[in-house]
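Worksheet for the structure shown next.
Bear in mind the structure is a predicted one, so any value in this text is a computation, not a measurement.
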Amino acid sequence: MEDAFARSVSEVLEFFAVDPSKGLTDSQVAEHARLYGRNGTPFWRLVLKQFDDLLVKILIASAVVSFLLALMNGETGLSAFVEPSVILMILAANAAVGVITETNAEKALEELRAYQADVATVLRNGCFSILPATDLVPGDIVEVCVGCKIPADMRMIKMLSDHLRVDQAILTGESCSVEKELDSTIATNAVYQDKTNILFSGTVVVAGRAKAVVVGVGSNTAMGSIRDSMLRTEDEVTPLKKKLDEFGTFLAKVIAGICVLVWIVNIGHFRDPAHGGLLRGAIHYFKIAVALAVAAIPEGLPAVVTTCLALGTKRMARLNAIVRSLPSVETLGCTTVICSDKTGTLTTNMMSVSKICVLQSVNHGPIAAQYSVSGTTYAPEGFIFDSNGIQLEIPAQYHSLLHIAMCSALCNESVIQYNPEKRIYEKIGESTEVALRVLAEKIGLPGFDSMPSALNMLSKHERASYCNRYWENQFKKISALEFSRDRKMMSVLCSRKQMDIMLTKGAPESILSRCTTILCNDDGSTVPLTAAIRAELESRFHSFAGKETLRCLALAWKKMPTGQQALSFHDEKELTFIGLVGMLDPPREEVRNAIASCMTAGIRVIVVTGDNKTTAESVCQKIGAFNHLEDFAGHSYTASEFEQLPALQKTMALQRMSLFTRVEPSHKRILVEALQHQNEVVAMTGDGVNDAPALKKADIGIAMGSGTAVAKSASDMVLADDNFTTIIAAVAEGRAIYNNTKQFIRYMISSNIGEVVCIFFAAVLGIPDTLMPVQLLWVNLVTDGLPATAIGFNKQDSDVMKAKPRKVNEAVVSGWLFFRYLVIGAYVGLATIAGFIWWFVYSDSGPKIPYTELMNFDSCSTRETAYPCSIFSDRHPSTVSMTVLVVVEMFNALNNLSENQSLIVIPPWSNLWLVASIVLTILLHMLILYVQPLAVLFSVTPLSWSEWTVVLYLSFPVIIIDEILKFFSRNSGLRFTFGFRRGDLLPKKELHDK
């Protein structure tokens with residue numbers, strides 16, 4: 001029944017054909033279970049993620065082709081399997097890293113069960129019984145009381161106490177408990193907060209008893225709709241993943257084109273006698289084309305990206321940001337909007353007294369004294385300050401403050417206790433009453449000069465409610481008048497040493513109207529409550545409740561006749577006013593600076609909350625979210641106001657919005673989607689079950705460490721310290737990781753361009769194959785991979801948080817950079833070929849044949865030569881080429897310490913990991929050169945010192961060339977003379993294809 005909140009009690013009962021005094025019969029239970037289903041919809045779903053990457057697919061294809069060609073060529077044994085096996089082993093390792101590091105966010109669905117009640121007190125066949133909550137059906141009559149977890153969505157039908165209050169913060173994010181009523185709701189477009197006659201599944205009763213009829217079970221509850229919303233949410237592709245996929249597509253086209261070109265260029269050589277026929281010649285050059293594909297694909301790229309992100313997560317964990325999804329690390333770097341939940345994220349979600357107002361003296365006219373209270377949690381830690389900001393050493397020596405502490409402790413049904421496992425103080429009961437308990441602890445006890453220091457010597461368990469217990473031991477509670485909506489107050493009768501007193505707390509307007517006298521703070525005297533004093537107190541009340549949006553309570557007392565055993569409503573008159581307290585869900589102290597940092601970094605913060613507009617605007621002012629605005633008009637909207645806007649105005653509102661109030665879970669998800677439509681990269685923070693769908697939908701969901709397990713599992717990142725400021729540090733880390741990722745991608749691209757140039761020009765020039773496929777694979781996986789990973793350790797730029805967020809469609813390699821790396825790549829390729837030709841033509845250990853003979857190597861067997869044809873199968877020239885390629889790429893790795901800064905400014909030792917990786921790479925390369933079994937496997941041979949000297953001569957100039965190109969980059973005016981700025985070469989798409 002979807003509109004139960006708008007129907008009267010009798011209409012709802014009639015709809016389900018249930019007698020409220022007897023409940024459903026067994027036959028009705030069976031019928032309703034068939035019609036509406038039971039309350040046991042499973043809250044879990046398992047989703048298996050497949051490793052899916054275009055570059056990986058190309059690699060697998062090349063491995064298969066390589067294996068088939070080896071078999072067609074008559075190769076058997078180890079040689080046929082080396083190349084495909086190495087490729088597949090690398091891919092398996094990469095997949096393993098991804099699977100181990102990633103966590104499955106669908107676990108959130110399972111953990112939603114924690115918010116379902118286990119049992120319910122149900123009326124069936126005229127008898128009450130306790131049944132499993134999963135057995136409930138719509139139409140069941142259920143009784144709830146203090147501490148009960150609501151087992152299903154239910155419509156109130158009868159009050160069994162003066163009032164019923166429910167804590168529904170996990171669903172709506174409201175900072176205070178909500179009073180429930182029987183009357184139907186007449187609001188149009190009613191949100192959860194408006195449905196004051198509905199008890200929502202998973203919420204908790206904090207005061208009162210009532211009967212209700214079940215109107216929704218399983219997926220038809222508010223909690224069930226959250227689960228369904230999470231099931232419908234598809235994971236968004238991160239900006240870097242999208243760029244890498246686009247790069248893979250681009251690369252696949254380039255590779256295909258070059259392979260076909262190389263094959264076509266060599267058609268004339270198919271019939272060369274060296275190949276033994278047309279078909280074998282075609283297969284030979286097809287193998288060269290496959291080798292070219294292996295050269296062009298950065299095989300190590302997926303593994304290096306994963307490793308770099310994993311390293312980033314370790315650094316972020318030290319910042320108290322625990323990353324659950326690896327790609328989300330770099331998504332942080334281009335976040336443009338943070339949608340932050342107010343309750344528990346920007347605020348502590350711990351109601352605290354922040355202001356006190358009492359009558360100081362009447363000697364020179366009525367003078368009201370105002371005190372402020374520090375401390376923003378349930379911990380009994382904080383101080384009382386006077387209006388001049390001076391701390392009171394012993395607050396309990398002031399008469400009104402002492403009576404406020406006494407009244408707060410005795411006129412109170414809540415409990416506060418210390419949880420040693422979580423190391424925090426926790427509440428049981430109403431948050432406003434807990435705030436009064438904490439205030440009593442902060443005021444302290446009378447008669448002890450050493451009170452503050454003495455209290456600090458207690459254990460945390462004893463300290464939690466030491467002062468409250470003192471007052472409860474001093475006074476014996478005899479009777480109580482519970483809070484009711486018509487009176488808006490609560491009273492208790494207490495006795496101590498033949499003196500009976502009544503202590504009262506309630507709404508200020510109700511208490512003031514019943515007071516005739518008032519307590520003076522300076523001397524403890526009681527004076528008449530004159531019109532002037534009343535006006536002054538009402539002025540302070542309106543200031544607290546209006547301008548400062550504090551939740552206000554007034555406290556009063558009355559001396560009662562000795563021996564009275566009960567209270568009546570008639571006793572609540574001729575009271576003595578003690579004071580006024582104002583409380584709020586306090587903002588976290590560190591949030592103001594964090595929001596300022598966001599603005600500097602070009603990130604917009606939108607505060608999202610279920611609270612009312614006025615309260616939220618006040619909190620936003622306190623935390624500085626509105627510091628840049630003159631007024632709230634056009635920047636603050638309730639969910640219903642926003643929904644009623646025309647489409648064009650909605651678009652405008654989204655671009656200016658800073659506050660979104662009175663929201664329910666579906667609104668948060670809608671907000672995220674709307675922002676994503678505008679190509680914003682959205683981070684959503686939250687801690688409640690109500691935040692889970694939006695956390696999952698956002699580009700990056702950020703849960704609080706103290707939040708619900710559901711929110712954490714739906715998120716990409718968890719803030720262990722609940723500190724909004726940690727997000728800013730994580731964003732800076734995310735930007736640094738992206739910069740480093742970009743650097744090693746560029747490094748690998750330039751290296752691979754070099755390999756392509758080498759093979760392509762060797763084919764065009766008609767000289768023997770300079771490198772074998774297995775040698776290319778070694779260079780790509782081992783010698784490229786280690787330095788590329790080490791580049792991930794480049795230090796964060798000092799101004800990383802002063803730049804605006806990068807665009808999601810920004811190419812990893814743009815026009816000018818692509819030109820730079822084409823130049824570097826061309827040099828790498830030409831240097832590799834030069835090393836090959838040098839050995840044949842100039843080396844003392846080589847044959848020193850003319851260059852023309854080298855170009856005609858394939859006809860050697862058909863003519864007479866002064867040298868044996870076996871020299872063309874010598875392993876020396878390819879070893880020199882391979883070594884030149886390895887060493888030149890090591891020098892190129894040093895070029896990538898910075899995109900534009902010279903090696904003189906950022907020297908190699910600024911990243912010792914890179915230096916170590918270069919040394920290790922060279923050692924590994926020497927290992928395959930000088931260890932015989934490995935040398936045979938990779939078709940290489942040991943090099944002499946003279947050969948190593950030539951290798952270094954050919955390799956070092958890559959640093960000089962890049963230094964010149966960096967100089968042009970730094971002096972951007974010169975850069976444009978190249979005329980190579982027409983857009984980005986890599987394809988660009990929007991992040992969110994809608």
Side-chain angles (χ1 to χ4, degrees), residues 1-44 112-161 164 166 168 171 180-186 190 192 194-205 208-228:
M1 190 177 187
E2 293 184 359
D3 62 344
F5 64 90
R7 306 275 192 97
S8 66
V9 171
S10 57
E11 285 178 310
V12 175
L13 293 172
E14 186 181 336
F15 178 86
F16 290 112
V18 60
D19 182 343
S21 62
K22 294 182 180 178
L24 295 175
T25 62
D26 290 339
S27 59
Q28 283 180 306
V29 170
E31 178 66 13
H32 286 201
R34 185 183 65 79
L35 287 174
Y36 310 113
R38 289 187 179 272
N39 200 25
T41 307
F43 275 54
W44 57 273
L112 269 168
R113 283 180 168 173
Y115 295 92
Q116 293 179 302
D118 297 323
V119 294
T121 305
V122 189
L123 178 63
R124 285 183 183 172
N125 301 308
C127 299
F128 275 106
S129 56
I130 296 175
L131 297 176
T134 50
D135 287 350
L136 289 181
V137 296
D140 266 326
I141 305 295
V142 177
E143 187 175 308
V144 295
C145 59
V146 175
C148 282
K149 191 176 283 185
I150 306 297
D153 280 10
M154 304 191 293
R155 166 70 160 89
M156 296 266 293
I157 60 172
K158 186 179 181 181
M159 285 281 190
L160 301 177
S161 61
L164 184 86
V166 176
Q168 54 188 42
L171 184 68
K180 296 294 180 178
E181 55 190 25
L182 299 177
D183 299 336
S184 57
T185 302
I186 56 173
Y192 291 148
D194 298 326
K195 299 174 184 178
T196 52
N197 53 25
I198 299 289
L199 305 177
F200 295 107
S201 172
T203 59
V204 179
V205 178
R209 286 174 63 223
K211 268 188 186 179
V213 59
V214 175
V215 295
V217 294
S219 61
N220 294 319
T221 62
M223 204 69 77
S225 68
I226 290 176
R227 182 209 62 178
D228 290 345

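The distance from the CD atom of E143 to the NZ atom of K158 is 9.5 Å, given to the nearest 0.5 Å. Here the CZ atom belonging to F5 is positioned 12.0 Å from the CG atom belonging to D153, to the nearest 0.5 angstrom. Interatomic distance, N197 CG to K180 NZ, rounded to the nearest 0.5 Å: 7.5 Å. A distance of 11.0 Å separates CD of Q28 from NZ of K22, quoted to the nearest 0.5 Å. A distance of 8.0 Å separates CG of L136 from CE of M154, quoted to the nearest 0.5 Å. Going from atom OG1 of T25 over to atom CG of N125 covers 6.0 Å, rounded to the nearest 0.5 Å.
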Side chain to side chain contact (heavy atoms under 4.5 Å, CB included) for V215 and F16? Distances and angles first, verdict last. CA-CA 9 Å; V215 295; F16 290 112; 3.8 Å; yes
Quick one: do L164 and V205 satisfy side chain to side chain contact (heavy atoms under 4.5 Å, CB included)? Show the steps, please. CA-CA 7 Å; L164 184 86; V205 178; 3.7 Å; yes
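The two residues V18 and G23 have their closest heavy-atom pair at CG2-C, 3.7 Å. The two atoms that bring L123 and P20 nearest to each other are CD2-O, 3.3 Å, heavy atoms only. Here the shortest heavy-atom pairing between A4 and I198 reads CB-CD1, 4.2 Å. Here the shortest heavy-atom pairing between G208 and S161 reads CA-OG, 3.2 Å. In this structure, L24 and P138 approach most closely via the heavy-atom pair CD1-O, 4.0 Å. Nearest heavy atom pair, residue Y192 against residue Q168, reads O-NE2, 4.2 Å.
Electrostatic pairing of R124 and D26 does not count as a salt bridge here, judged by no charged N lying under 4.0 Å from a carboxylate O.
Within the structure, salt bridge (charged side-chain N to carboxylate O under 4.0 Å, His left out) contacts touching residues 210-222 (residues at least two apart or in different chains) do not occur.
Residues passing the salt bridge (Lys or Arg N to Asp or Glu O under 4.0 Å) test with E31 are R34, sequence neighbours excluded. With sequence neighbours excluded, the residues satisfying side chain to side chain contact (heavy atoms under 4.5 Å, CB included) with S129 are L131.
Between I157 and the choices V142, L182, I141, the side-chain contact (heavy atoms from CB on, under 4.5 Å) rule is met once, by I141.
Judged by distance alone, with hydrogens and angles left aside, the side-chain atoms of S184 form no donor-acceptor pair with the main-chain N or O of S8 at under 3.5 Å.
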